[in-house]
> 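Mind looking over this structure? Questions follow.
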Number of protein chains: 2
Amino acid sequence: MTFDLKDCGTCPIRHRAVCARCESDELEILESIKFYRSFEAGQPVIWSGDSMDFVASVVTGVASLSQAMEDGRTQMVGLLLPSDFLGRPGREFAPYDVVAVSNLTLCCFRRKPFEKMMLNTPHIAQRLLEMTLDELDAAREWMLILGRKTAREKIASLLTILARREASLALQTAQSGTSFELPLTREAMADYLGLTLETVSRQVSALKREGIVQLEGKRKIIIPDFDLLVAETGDDADGGVMV
Amino acid sequence: MTFDLKDCGTCPIRHRAVCARCESDELEILESIKFYRSFEAGQPVIWSGDSMDFVASVVTGVASLSQAMEDGRTQMVGLLLPSDFLGRPGREFAPYDVVAVSNLTLCCFRRKPFEKMMLNTPHIAQRLLEMTLDELDAAREWMLILGRKTAREKIASLLTILARREASLALQTAQSGTSFELPLTREAMADYLGLTLETVSRQVSALKREGIVQLEGKRKIIIPDFDLLVAETGDDADGGVMV
DNA sequence: CTGCTTTCTTGATCTGGGTCAAAGCGCAGA
DNA sequence: TCTGCGCTTTGACCCAGATCAAGAAAGCAG
């Protein structure tokens with residue numbers, strides 16, 4: 001795959017440096033239909049059912065996809081970190097609520113021309129297929145978490161996932177001693193994990209008490225021994241979906 | 001999309017009748033790399049981690065994808081009904097256990113030539129992208145079920161999903177008075193829903209006792225009033241993921 | 001510094017669904 | 001016809017996590 005949405009489509013700074021095909025027509029088209037949008041933490045990006053005339057990828061910050069039941073119960077069904085893709089070519093209405101969890105910048109492409117371009121440039125459909133398959137794998141890992149794990153295992157799994165993603169953004173693998181800023185409130189963590197915020201708070205406190213994680217303030221997580229944390233997830237040691 | 005895997009790739013009986021492009025090269029290639037495999041109910045199709053040299057689509061029967069934790073807890077993460085696609089181009093090892101839930105026939109394509117063909121025929125990647133996006137939506141609906149619904153709502157949701165899929169295979173929409181054969185054991189339903197089989201049994205009995213469903217034997221489900229069942233799912237009336 | 005709000009923690013109590021145990025049911029094979 | 005086995009149902013009991021209810025901590029505006 002020589003054409004990479006992550007490098008070429010998302011970020012005009014990166015793609016010039018990285019991608020051999022950058023001077024191609026596709027890129028020119030992408031550039032011409034591209035615009036940026038920013039959101040403050042907590043702001044809605046789009047509501048379920050709204051018409052959505054763009055697709056986008058996350059440049060900085062974190063967004064969540066969630067589904068709500070009419071009695072107010074909500075379940076987060078997707079967590080978008082930088083380089084993740086938002087939206088579905090060929091679909092007019094948003095199927096989920098999208099909310100900026102932290103301050104957020106999106107790189108948007110107008111949907112119609114994006115779709116048209118997809119028809120002519122197979123690389124993009126193929127790249128998008130790959131990304132979607134990865135997302136499907138992540139969703140399925142998440143289903144195991146929701147369906148079968150205990151509250152403690154859920155918290156450990158979430159922290160592991162976030163630590164791994166955080167590390168991979170820096171082109172590293174998660175290691176002992178790493179620390180990262182939790183981009184989620186306790187309530188958002190609860191929505192992610194199918195728990196209540198009280199249970200989240202209790203389990204985080206328990207992991208802290210037992211020295212499996214350290215906290216600096218409410219949001220900064222330090223992982224003194226990564227294997228110790230992974231042991232709490234209930235997964236086998238190699239962990240995560242295999243690729 | 002003139003080229004449709006569901007009609008053209010899966011089933012040599014249907015595609016001749018349905019698809020205008022049937023005499024094309026792609027079809028010839030597909031035919032040349034195609035073979036069928038059958039499995040009895042309960043048989044494994046492939047284990048997580050095994051090398052998988054084909055992709056396939058389901059012709060008849062039901063297959064499940066599941067993930068197991070090493071202590072034996074398992075969570076079903078995908079349910080494949082006729083016309084669903086199995087496997088991932090570009091990936092050598094199976095990430096999940098695939099099991100034939102009922103008697104099962106797969107229409108398989110050797111993976112390498114299938115991948116090669118995908119590079120030349122954008123229709124296939126695009127069609128596959130659509131199917132994958134639908135699967136992702138289904139997975140996300142499932143996450144809401146797993147994370148936030150009560151046992152009773154979970155059962156009602158599963159029955160609703162199965163009734164809808166059953167109906168759509170017959171090119172209809174689910175209606176009051178429909179009946180269908182449950183393709184899943186109580187244990188498989190439990191694995192699907194993140195419950196124990198005892199709880200599944202109790203909740204099915206409760207729905208029966210209250211006249212929301214009727215049972216003929218253990219497996220034949222009759223839905224006297226579809227809206228009554230949908231009301232038990234906790235979803236809003238129009239139901240399901242919107243398209 | 002003070003008061004207000006939002007977020008988080010902790011405690012007490014309750015309950016839905018898990019766990020363990022024992023039958024029922026239906027069918028294939030002898 | 002009987003027997004055995006896999007699937008399902010039902011009962012009794014228990015516990016992880018939900019719910020309800022205070023507070024504590026951290027920001028932030030004035």
Side-chain angles (χ1 to χ4, degrees), chain A residues 40-43 69 71-75 99 101-103 145-159 181-210 213-221 232 234, chain B residues 40-43 69 71-75 99 101-103 145-159 181-210 213-221 232 234:
Chain A
E40 310 241 306
Q43 271 193 320
M69 300 171 65
D71 65 4
R73 283 175 281 174
T74 69
Q75 174 64 51
V99 176
V101 170
S102 64
N103 289 348
I145 292 173
L146 288 171
R148 294 300 183 195
K149 291 194 177 179
T150 64
R152 161 182 272 247
E153 288 168 339
K154 286 177 173 182
I155 299 288
S157 299
L158 174 56
L159 295 180
E181 202 69 21
L182 251 188
L184 304 174
T185 64
R186 298 290 183 266
E187 187 180 19
M189 293 171 69
D191 279 351
Y192 189 120
L193 298 170
L195 297 171
T196 59
L197 68 92
E198 294 94 328
T199 298
V200 170
S201 180
R202 273 186 254 271
Q203 295 297 337
V204 170
S205 297
L207 290 177
K208 185 175 81 178
R209 200 178 319 122
E210 297 168 34
V213 302
Q214 292 160 18
L215 288 189
E216 215 174 278
K218 307 279 183 192
R219 294 292 192 85
K220 180 94 173 282
I221 301 280
E232 297 295 333
Chain B
E40 309 242 309
Q43 272 191 320
M69 301 171 66
D71 65 3
R73 284 176 281 175
T74 69
Q75 174 65 51
V99 176
V101 170
S102 63
N103 290 346
I145 293 173
L146 288 172
R148 292 301 183 193
K149 291 194 177 179
T150 65
R152 161 181 270 247
E153 288 168 339
K154 285 177 174 182
I155 298 289
S157 299
L158 174 57
L159 295 180
E181 202 70 19
L182 252 188
L184 304 173
T185 65
R186 299 290 184 265
E187 187 180 20
M189 293 172 69
D191 279 351
Y192 188 120
L193 298 170
L195 297 172
T196 59
L197 66 93
E198 293 95 329
T199 299
V200 170
S201 181
R202 273 187 253 273
Q203 295 297 337
V204 170
S205 298
L207 290 177
K208 185 174 81 176
R209 200 178 320 121
E210 297 169 34
V213 301
Q214 292 158 18
L215 289 188
E216 216 173 277
K218 306 281 182 192
R219 294 292 191 87
K220 179 93 174 283
I221 300 280
E232 297 295 333

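Chain naming here is simple, since letters A, B, ... match the order of the sequence lines and numbering starts at 1 in each.
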> Just verifying a value: how many Å separate A/Gln203 CD and A/Leu193 CG, rounded to the nearest 0.5 Å?
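The CD atom of A/Gln203 sits 10.5 Å away from the CG atom of A/Leu193.
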> Report yes or no: does B/Ser201 contribute a side-chain atom to a donor-acceptor pair with the main-chain N or O of B/Leu197 at less than 3.5 Å?
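Here the side-chain-to-backbone pair does not exist.
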> Starting from C1' on D/dA12, measure out to CZ on B/Arg202 and report it in whole angstrom.
9 Å
> Does A/Ala41 offer a backbone N or O that forms a donor-acceptor pair with the side chain of A/Asn103 under 3.5 Å?
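Checking the backbone N and O of A/Ala41 against the side chain of A/Asn103, a donor-acceptor pair under 3.5 Å is found.
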> Once side-chain hydrogen bond (donor to acceptor under 3.5 Å, both in side chains) is applied, do any residues pair with B/Thr199, and if so which ones, sequence neighbours excluded?
B/Thr196
> Can you list, by residue number, the residues of residues 191-200 of chain A that have a non-hydrogen atom closer than 4.0 angstrom to DNA chain D?
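Within residues 191-200 of chain A, the residues near DNA chain D are A/Gly194, A/Leu195, A/Thr196, A/Glu198, A/Thr199.
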> Please state whether the phosphate of D/dT9, meaning OP1 or OP2, lies under 4.0 angstrom from any side-chain nitrogen or oxygen of B/Arg186.
yes
> When the distance from CD of A/Glu153 to C1' of D/dA16 is rounded to whole Å, what number comes out?
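Checked: the CD to C1' distance equals 12 Å.
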> Quick one: label A/Arg219 by what it contacts on the DNA or RNA (base, sugar-phosphate, nothing), any heavy atom closer than 4.0 Å.
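Since only primed, P, OP1 and OP2 atoms lie under 4.0 Å of A/Arg219, the category is sugar-phosphate.
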> Under a 3.5 Å distance rule, please check whether A/Glu216 uses its side chain to pair with a backbone N or O of A/Ile221 as donor and acceptor.
no
> Which whole-number value in Å describes the distance from B/Ile155 CD1 to D/dT8 C1'?
13 Å
> Counting the atoms with a prime plus P, OP1 and OP2 as sugar-phosphate, which does B/Ser205 contact under 4.0 Å by heavy atoms, base, sugar-phosphate, or nothing?
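Since only primed, P, OP1 and OP2 atoms lie under 4.0 Å of B/Ser205, the category is sugar-phosphate.
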> Measure the spacing between CG of A/Leu207 and CG of A/Leu215 and express it to the nearest 0.5 Å.
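Result: 9.0 Å between the selected atoms.
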> If you check every side-chain atom of B/Thr185, which of D/dG17, D/dT8, D/dT10 has the closest atom?
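The answer is D/dT8, which lies nearest to the side chain.
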> Rounded to whole angstrom units, what separation is found between the CG atom of A/Leu215 and the C1' atom of D/dA25?
14 Å
> For A/Glu187, does the CD atom sit with more than 12 other heavy atoms under 6.0 Å from it, leaving out its own atoms?
no
> Does A/Thr150 have any side-chain hydrogen bond (donor to acceptor under 3.5 Å, both in side chains) partners at least two apart in sequence or in another chain, and if so, which?
A/Glu153
> Bend angle of the helix from C/dC1-D/dG30 to C/dA30-D/dT1 from five-pair axes at both ends, rounded to 10°?
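What I find for the helix from C/dC1-D/dG30 to C/dA30-D/dT1 is an axis angle of 40°.
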> What integer distance in Å separates B/Glu187:CD from D/dC5:P?
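Between P of D/dC5 and CD of B/Glu187: 18 Å.
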> The criterion is side-chain hydrogen bond (donor to acceptor under 3.5 Å, both in side chains); which residues satisfy it with A/Arg152, sequence neighbours excluded?
A/Glu210, A/Glu232
> More 5' along DNA chain D: B/Leu184 or A/Gly217, using each one's nearest nucleotide?
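The residue mapped nearer the 5' terminus is B/Leu184.
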> If I compare all heavy atoms of A/Leu184 with all of A/Met189, which pair ends up nearest, and what's the gap?
CB-CG, 3.8 Å
> Does B/Arg148 offer a backbone N or O that forms a donor-acceptor pair with the side chain of A/Arg73 under 3.5 Å?
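Side chain of A/Arg73 to backbone of B/Arg148, a donor-acceptor pair under 3.5 Å: yes, one is there.
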> Which sits closer to the 5' end of DNA chain D, A/Lys218 or A/Arg152, going by the nucleotide each is nearest to?
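The residue closer to the strand's 5' end, by nearest nucleotide, is A/Arg152.
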> Just the endpoints, please: which first and last nucleotides of DNA chain C, 5' to 3', lie under 4.0 Å from a heavy atom of chain A?
C/dC8 to C/dA12
